[in-house]
Amino acid sequence: LRVSWSWMDYQIGYEWETLWPPYITRWQDPYWELVIRLVIGYYMLANQPRPVNLAIGTAHMVLDLLAYSILVEDRHLLSKSQFEARSATENLRELLATLGISTAISAASARLQGFIVGGRLADGPQVVAKLRNDVAHLRRGRSVRPTDFLVEAWQLAMWYIEMVIF
């Protein structure tokens, strides 16, 4: 049995009335239809955090796809070469800033707050990219992060996705 976390409360489905028209407008553009298909598919995979390491990597991929699609293809804020020359952290930060989404770590994420306060990382985009890199580029001698820490990072990445797509 697989359980996915849901971002839509079934009791307030009327919110789809405001979400549906922009979705349909994008869907009519072949490029955005493909982006939407991929984002939804990857989001659903990332929303099954078993294992959470894979979910973090998948969520990061969704964020990178959204950053490229919005910053380069849609709003033309960056060229393809500019986007590719920047770090994933910088691109995610730019995406969130463009959309008015905070990059701060919530006080409710105690483990991530400690990571930030400890001076090792600056903000949420850097945490997400760092943990994705830790998962994808396992180094000899590096200690494994505690599961609750990884879960908080995964939740942050998923929250970013949800804020961007809605």
Side-chain angles (χ1 to χ4, degrees), residues 1-13 15-16 19 23 26-27 32-71 86-166:
L1 176 66
R2 289 183 149 190
V3 176
S4 295
W5 302 97
S6 178
W7 42 260
M8 181 55 82
D9 186 337
Y10 297 107
Q11 296 179 357
I12 54 172
E15 289 183 349
W16 277 108
L19 298 173
Y23 170 82
R26 291 269 191 204
W27 188 264
W32 277 103
E33 178 188 350
L34 179 58
V35 170
I36 291 167
R37 284 180 187 273
L38 292 173
V39 165
I40 291 171
Y42 297 155
Y43 173 87
M44 291 173 65
L45 290 173
N47 208 21
Q48 299 173 15
R50 289 177 197 84
V52 70
N53 306 37
L54 180 60
I56 290 170
T58 306
H60 189 276
M61 186 172 57
V62 174
L63 290 166
D64 197 43
L65 172 59
L66 288 166
Y68 184 85
S69 299
I70 292 169
L71 298 175
R86 295 162 46 122
S87 71
T89 298
E90 292 170 319
N91 289 329
L92 178 54
R93 219 179 259 139
E94 179 80 17
L95 172 66
L96 298 176
T98 297
L99 300 176
I101 300 168
S102 174
T103 61
I105 301 288
S106 165
S109 298
R111 288 283 214 164
L112 297 183
Q113 268 292 337
F115 207 52
I116 296 289
V117 172
R120 289 176 263 185
L121 300 174
D123 59 8
Q126 195 173 14
V127 167
V128 171
K130 168 83 171 109
L131 291 177
R132 179 263 172 208
N133 289 341
D134 286 357
V135 168
H137 309 289
L138 190 60
R139 295 191 183 124
R140 188 181 304 277
R142 176 177 282 163
S143 61
V144 176
R145 306 244 183 241
T147 301
D148 56 342
F149 183 82
L150 294 173
V151 168
E152 284 187 11
W154 164 74
Q155 289 170 329
L156 176 64
M158 296 302 286
W159 182 80
Y160 283 152
I161 294 169
E162 292 162 7
M163 294 298 100
V164 170
I165 63 177
F166 293 112

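Throughout, numbering of the chain's residues begins at 1 and tracks the sequence. The figures that follow rest on heavy atoms only: side chains count, while hydrogens, waters and symmetry mates do not.
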Undergrad: Give the minimum heavy-atom separation between Val35 and Leu65, together with the two atoms involved.
TA: O-CD2, 4.3 Å
Undergrad: So which heavy atom on Ala153 is nearest to which on Val128, and how close?
TA: O-CG2, 4.4 Å
Undergrad: Could you pull out the closest heavy-atom pair between Trp154 and Ala46, with the gap in Å?
TA: NE1-O, 2.7 Å
Undergrad: When rounded to the nearest 0.5 angstrom, what is the spacing between CG in Asp123 and CZ in Arg93?
TA: 4.0 Å
Undergrad: Please test Leu156 against Glu152 for side-chain contact (heavy atoms from CB on, under 4.5 Å), starting from the C-alpha separation and ending with a verdict.
TA: CA-CA 6 Å; Leu156 176 64; Glu152 284 187 11; over 6 Å; no
Undergrad: Identify, with sequence neighbours excluded, every residue that meets salt bridge (Lys or Arg N to Asp or Glu O under 4.0 Å) alongside Asp134.
TA: Lys130, Arg142, Arg145
Undergrad: I'd like to check Trp27 versus Arg37 (side-chain heavy atoms, cut-off strictly below 4.5 Å). Are they in contact?
TA: yes
Undergrad: Kindly give the heavy-atom pair with the smallest separation between Asn91 and Leu71, and that separation in Å.
TA: O-CD1, 3.6 Å
Undergrad: Kindly write out the residues that satisfy side-chain contact (heavy atoms from CB on, under 4.5 Å) with Asn133, not counting sequence neighbours, or none if the list is empty.
TA: His137
Undergrad: Within the distance-only criterion (no hydrogens, no angle test), does the side chain of Gln126 pair as donor or acceptor with the backbone N or O of Thr89 below 3.5 angstrom?
TA: no
Undergrad: Is any side-chain heavy atom of Leu112 less than 4.5 Å from a side-chain heavy atom of Phe149?
TA: yes
Undergrad: Cut-off 3.5 Å, no hydrogens considered: what does the side-chain donor-acceptor table look like for residues 95-106, sequence neighbours left out?
TA:
{"unit_1": "Thr98", "atom_1": "OG1", "unit_2": "Glu94", "atom_2": "O", "d": "2.7"}
{"unit_1": "Ser102", "atom_1": "OG", "unit_2": "Ala104", "atom_2": "N", "d": "3.1"}
{"unit_1": "Ser106", "atom_1": "OG", "unit_2": "Ala108", "atom_2": "N", "d": "3.0"}

Undergrad: Rounded to the nearest 0.5 Å, what's the gap from CZ on Arg132 to OG1 on Thr58? Could you check?
TA: 10.5 Å
Undergrad: How many angstroms lie between atom OH of Tyr23 and atom CD1 of Ile40, to the nearest 0.5 angstrom?
TA: 4.5 Å
Undergrad: Write down the atom of Val62, the atom of Tyr43, and the distance for their closest heavy-atom approach.
TA: CG2-N, 3.9 Å
Undergrad: May I ask you to decide if Leu45's main-chain N or O and Gln48's side chain share a donor-acceptor pair within less than 3.5 Å?
TA: no
Undergrad: Should Val164 and Val39 count as side-chain neighbours, where that means a heavy-atom distance under 4.5 Å?
TA: no
Undergrad: Tell me the closest heavy-atom pair linking Ala59 and Met158, and the distance in Å.
TA: CB-SD, 3.9 Å
